[in-house]
Amino acid sequence: MKKINVLLLLLMAASSLYAQDKPSKKEEREQKRLRKISLFREIEEGDNLFNREFSGGARLNTDGWTGFLEMGYRKTASTVNYFQFEFSEKRDPKQDRSSRIIPVGGGFGISSTPFVYGKMNNFYQAKLGIGQKRLIGGKGNKNGVEVNGIYYGGISFGLVKPYYLDLMNDAGDPNNRRVVKYSDAIRDDFLNHDLIYGAGGFTKGWNEVSLNPGLHAKVGFRFDWARFNDVISALEVGINAEYYTKKVQIMVERDPKSFFFNAYIGLQLGKRWNK
């Protein structure tokens with residue numbers, strides 16, 4: 001009997017100690033809340049150590065526009081290697097999109113479709129490259145901005161597409177027209193405002209595209225203001241240089257060239273994760 005009483009006393013003491021050590025439901029909820037705050041703060045304000053990132057964006061260049069996709073792989077805490085695919089269009093600083101009123105008699109007129117006067121070719125570029133992003137300054141807190149320096153280079157595939165105009169054979173006769181690209185034989189008609197009815201259409205000339213390979217490189221700075229480290233919301237500014245193996249002529253009355261240099265500003269959005 002004494003042994004049973006002693007055993008019961010030991011069980012009661014152990015239960016009492018367990019009850020004292022076990023946190024209450026209120027304490028458990030508080031501990032969970034603190035863990036969430038800690039995790040949230042790490043994602044929001046801690047060091048950015050995600051090892052994968054994917055993003056896309058667009059840039060306005062001083063000589064055109066660019067759309068791009070980027071895949072990044074973290075090399076060290078302060079360095080990310082990335083691959084990028086870009087598609088761009090070069091525009092001559094002298095080109096201007098416009099339209100005109102075509103008189104058709106009786107005091108009436110019709111508006112031409114928009115066209116670029118004096119344009120000879122569209123020049124597009126598909127680019128593949130590899131670069132590196134190096135941390136200059138972390139954002140510090142959720143309201144900060146992460147600053148990175150970037151350098152990047154790769155190969156370019158220039159695509160030269162003839163620009164077509166819809167020309168009237170006789171001024172003021174919109175029912176008698178032809179869609180043509182520039183050639184020396186029709187230079188006077190191609191540059192005659194009175195004969196231009198409008199652009200020949202975006203689909204014209206794709207079967208005549210010629211390839212012009214080249215190289216490109218850029219340097220710049222990227223400013224990421226995203227509140228959370230797993231999100232990319234960045235502004236990029238920099239300069240870009242491109243060289244092509246054959247000279248490209250965009251405008252009839254401008255000299256062809258093989259080297260292009262521009263400054264740019266771009267917006268980039270994406271996600272980061274660990275793999």
Side-chain angles (χ1 to χ4, degrees), residues 43 46-91 122-139 145-161 206 209-246 248 258-275:
I43 296 175
D47 292 334
N48 185 355
L49 297 178
F50 291 96
N51 56 32
R52 295 288 187 274
E53 55 184 61
F54 179 78
S55 59
R59 291 194 288 267
L60 285 177
N61 311 321
T62 52
D63 62 356
W65 56 266
T66 299
F68 64 91
L69 296 173
E70 180 179 302
M71 187 72 188
Y73 301 85
R74 184 168 296 280
K75 183 180 179 182
T76 67
S78 61
T79 305
V80 173
N81 293 335
Y82 66 90
F83 299 90
Q84 198 171 93
F85 169 76
E86 306 175 54
F87 190 82
S88 309
E89 182 184 9
K90 293 275 184 260
R91 294 182 176 178
N122 290 103
F123 185 38
Y124 303 102
Q125 308 86 42
K127 306 175 188 176
L128 292 171
I130 183 170
Q132 197 167 79
K133 180 177 67 172
R134 286 185 174 270
L135 183 67
I136 296 175
K139 65 180 182 178
V145 176
E146 181 182 284
V147 181
N148 289 275
I150 62 163
Y151 44 92
Y152 163 88
I155 56 176
S156 300
F157 301 94
L159 306 173
V160 183
K161 181 176 84 73
W206 284 107
V209 168
S210 60
L211 181 64
N212 188 356
L215 300 172
H216 69 280
K218 69 179 180 182
V219 293
F221 296 96
R222 189 175 295 177
F223 306 91
D224 193 333
W225 71 87
R227 180 176 180 180
F228 299 103
N229 284 332
D230 63 340
V231 176
I232 300 171
S233 298
L235 182 74
E236 184 176 308
V237 294
I239 54 175
N240 178 75
E242 300 170 45
Y243 178 80
Y244 294 90
T245 55
K246 293 176 284 188
V248 179
S258 56
F259 179 75
F260 296 84
F261 182 80
N262 65 56
Y264 68 86
I265 181 170
L267 179 66
Q268 187 169 354
L269 303 173
K271 292 286 291 182
R272 296 187 180 94
W273 70 95
N274 285 318
K275 184 176 180 180

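Count residues from 1 along the sequence.
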Is the terminal nitrogen or CZ of Arg222 (NZ for Lys, CZ for Arg) located under 6.0 angstrom from the six-membered ring centre of Tyr152 and within 45° of that ring's axis? no

Would you call Lys271 and Glu70 a salt bridge, taking side-chain N to carboxylate O under 4.0 Å as the test? no

Side chain to side chain contact (heavy atoms under 4.5 Å, CB included) between Leu215 and Glu242: does it pass, once the steps are laid out? CA-CA 6 Å; Leu215 300 172; Glu242 300 170 45; over 6 Å; no

For the residue pair Thr79 and Asn81, establish whether any side-chain heavy-atom pair is separated by less than 4.5 Å. yes

Separation of Phe54 CZ from Trp273 CH2 (nearest 0.5 Å): 7.5 Å

Asn148 versus Ile136: any side-chain heavy-atom pair under 4.5 Å? no

Kindly indicate, with the supporting measurements, whether the criterion side chain to side chain contact (heavy atoms under 4.5 Å, CB included) is fulfilled by Phe85 and Lys127. CA-CA 6 Å; Phe85 169 76; Lys127 306 175 188 176; over 6 Å; no

Can you see which heavy atom on Tyr151 is nearest to which on Tyr82, and at what distance? O-OH, 4.0 Å

Hey, what do you get for OG1 (Thr66) to CD (Gln125), rounding to the nearest 0.5 Å? 7.5 Å

Pair Asn240-Phe261, side chain to side chain contact (heavy atoms under 4.5 Å, CB included): steps then yes or no: CA-CA 6 Å; Asn240 178 75; Phe261 182 80; over 6 Å; no

Mind checking the OG-CE spacing from Ser55 to Met71? Nearest 0.5 Å is all I need. 9.5 Å

Might you point out which heavy atoms bring Thr245 and Asn212 nearest each other, and give the distance in Å? OG1-OD1, 3.1 Å

State, to 0.1 Å, how close Glu146 and Lys139 come at their nearest heavy-atom pair, and which atoms those are. N-CB, 3.7 Å

If you take all heavy atoms of Ala226 and Asp224, which pair is closest and at what distance? N-OD1, 3.0 Å

Apply ring pair (Phe, Tyr, Trp, His ring centres under 6.0 Å) to Trp206 and list each qualifying residue two or more places apart in sequence or on a separate chain. Tyr124, Phe202

Atom pair OG (Ser156) and CD (Glu86), whose distance is rounded to the nearest 0.5 Å: 8.0 Å

Decide yes or no for Pro213 and Tyr244: does some side-chain heavy atom of the first lie under 4.5 Å from some side-chain heavy atom of the second? no

May I ask you to test the Leu235-Ile265 pair for a side-chain heavy-atom distance under 4.5 Å? yes

Please list, chain by chain and in numerical order, all residues satisfying ring pair (Phe, Tyr, Trp, His ring centres under 6.0 Å) with Tyr264, sequence neighbours excluded. none

Spatial distance of atom OG (Ser258) from atom OH (Tyr243) [nearest 0.5 Å]: 4.5 Å

Take Phe87 and Phe157 through the test ring pair (Phe, Tyr, Trp, His ring centres under 6.0 Å) and record every step on the way to the result. CA-CA 10 Å; Phe87 190 82; Phe157 301 94; over 10 Å; no

Is it the case that over 12 heavy atoms from other parts of the model lie below 6.0 angstrom from the NZ atom of Lys246? yes

Is the backbone N or O of Gln132 less than 3.5 Å from a side-chain atom of Lys75, with the two atoms forming a donor-acceptor pair by type? no

Does a side-chain heavy-atom distance below 4.5 Å link Ile150 with Arg134? no

Salt bridge (Lys or Arg N to Asp or Glu O under 4.0 Å) with Glu53: which residues, sequence neighbours excluded? Lys133, Arg272

Does the ring of Phe68 carry Arg59 above it, NZ/CZ under 6.0 angstrom from centre and within 45° of its axis? yes

Criterion side chain to side chain contact (heavy atoms under 4.5 Å, CB included) on Val80 and Tyr73, from CA distance to verdict: CA-CA 6 Å; Val80 173; Tyr73 301 85; 5.8 Å; no

Expected output: side-chain Thr62 to main-chain Asn262 donor-acceptor under 3.5 Å: no

In Å and rounded to the nearest 0.5 Å, what is the CD1 to CD distance from Ile232 to Gln268? 6.0 Å

Answer yes or no: is there a donor N or O on one side and an acceptor on the other, between the side chain of Asn51 and the main chain of Lys275, under 3.5 Å? yes

Side-chain donor/acceptor of Asn61 to backbone N/O of Asp63, under 3.5 Å: no

